[in-house]
Amino acid sequence: MKGSTKYILLWLIAGLCVWNIPYSAAQSVKKKINVLIIDGQNNHDNWPQTTEMMKGYLEETGLFSVDVATTPSPGQPMDRFKPDFQQYRVVVMNYNGDDWLPFTQQAFEEFIRAGGGMVSVHAADNAFPGWLEYNKMIGLGGWGHRNEKDGPYVYYDETGKRVVDNSPGIGGSHGKYHAFQVVIRNKKHPITRGLPEIWMHNEDELYDRLRGPAENMEILATAFSAKDQRGTGRNEPVMMVTRYGKGRVFHTTLGHGDESQQCVGFITFLQRGAEWVATGKVTQKVPATFPGADKISLHP
Ligand code: ZN
């Protein structure tokens, strides 16, 4: 190569680099939705794995930038757990443990009320039975001595009618660990639009008899809790959305073990739910690998 050609090529490469760095940085600053996953305590010992999995699923859409805030261990002082919620548009709750300090609870309420987004995953709806505002956010919860004092049961009957049931009884249970069909009840919501009405979820716990304030709550999907699986014989809510102030919440009861979170159905709802709570819209396409009515589909 001649000296002058080499010189021109070097300038060209340098120019491309200089132009490209601020361009891509500006793109990512503009596009990415900041998400904070909160974990650190959970009766599900696989929480470090599920946090890692969910972080990966969100990031692979190219829409989200994900941080993780891990609380102190059970029984340890919580005074240093003060996430700066204002840095985020979405908080994903992978937490079921000790109460946060009032300061942190109030900061979280203000964040959601002012328009922040929240995604509640599986046992996060077991958390904080005594924190009323949190229970308003999730709509329904289970365990932690929840019963009729915490609100009604909400489910669908065999005719497809939504039932609000104030009868006394426990809040939260599940039958055998098994694969089951999920049925979309609202096909017009941005999270569900374009998804198959019925799909097969990989083995998971099917929560039943959840109770809570159920205010401003819409059920997106249910699953039939069969009595021969030690269930209730009801169509139990498995995914719902609520409004809290200006904030949006997406709540999925799915996601007990790692294998349940490998389900493309679980992942698709997580990704779409996180976008919807952040922006009120969903721009993601339905994956070609979405599960069929009788066909489980797992993320590679
Ligand atoms: Zn579980």
Side-chain angles (χ1 to χ4, degrees), residues 37-55 57 68 70-71 73-74 91-99 118-129 131 134-135 137-147 150 153-155 169-182 199-212 219-232 234-240 249-270 273 291 296 298-299:
I37 300 179
I38 296 181
D39 65 10
Q41 297 184 30
N42 209 311
N43 57 332
H44 295 64
D45 294 337
N46 61 333
W47 63 260
Q49 288 86 51
T50 50
T51 287
E52 229 14 71
M53 291 165 81
M54 290 192 281
K55 184 176 191 292
Y57 299 147
V68 179
T70 301
T71 67
S73 308
V91 169
V92 175
M93 290 290 288
N94 192 24
Y95 181 85
N96 177 21
D98 293 349
D99 284 348
M118 171 186 171
V119 175
S120 172
V121 178
H122 194 60
D125 69 13
N126 301 188
F128 308 127
W131 180 9
Y134 181 80
N135 285 273
M137 293 173 200
I138 58 176
L140 295 171
W143 293 271
H145 305 292
R146 283 171 171 91
N147 58 25
D150 299 287
Y153 301 117
V154 186
Y155 58 91
I170 59 153
S173 184
H174 62 78
K176 285 184 193 164
Y177 200 67
H178 68 296
F180 51 85
Q181 279 183 332
V182 175
W199 55 276
M200 186 59 84
H201 179 45
N202 198 23
E203 293 194 332
D204 203 342
E205 288 174 345
L206 203 181
Y207 278 4
D208 64 54
R209 286 172 284 186
L210 300 179
R211 312 195 71 133
I219 292 174
L220 297 184
T222 60
F224 182 66
S225 174
K227 287 205 164 150
D228 61 12
Q229 299 286 354
R230 296 211 319 266
T232 53
R234 299 171 176 172
N235 295 291
E236 297 284 356
V238 292
M239 278 177 280
M240 46 227 128
V249 178
F250 169 67
H251 173 178
T252 177
T253 69
L254 306 179
H256 171 85
D258 293 0
E259 59 282 3
S260 70
Q261 295 207 5
Q262 281 162 353
C263 168
V264 175
F266 171 86
I267 296 166
T268 303
F269 272 85
L270 174 77
I296 288 161
L298 300 184
H299 190 274

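All ligand and atom numbering here is 1-based and tracks the order in the structure. Starting from 1, each residue takes its place in the sequence as its number. FYI, side chains are in, hydrogens and waters are out, and symmetry mates aren't considered; it's all heavy atoms of this structure. As the structure is a computational prediction, the values presented were derived from the model and not from experiment.
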Original post:
Going through the checks in order, is the side-chain hydrogen bond (donor to acceptor under 3.5 Å, both in side chains) test met by Asn202 and Ser260?
Top reply: CA-CA 5 Å; Asn202 198 23; Ser260 70; over 6 Å; no
**Q.** Pair Tyr177-Glu259, side-chain contact (heavy atoms from CB on, under 4.5 Å): steps then yes or no
**A.** CA-CA 11 Å; Tyr177 200 67; Glu259 59 282 3; 2.5 Å; yes
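Distances from the Zn ion (ligand 1) to each N, O or S atom of Glu205 single out OE1 as the nearest. Distances from the Zn ion (ligand 1) to each N, O or S atom of His256 single out ND1 as the nearest.
Between Tyr207 and the options Asp125, Thr252, Leu140, a side chain to side chain contact (heavy atoms under 4.5 Å, CB included) holds for only Asp125.
Contact annotation: His122 places an N, O or S atom under 2.8 Å from the Zn ion (ligand 1).
Counting only heavy atoms from C-beta outward, the side chains of Met53 and Gln262 approach each other to under 4.5 Å.
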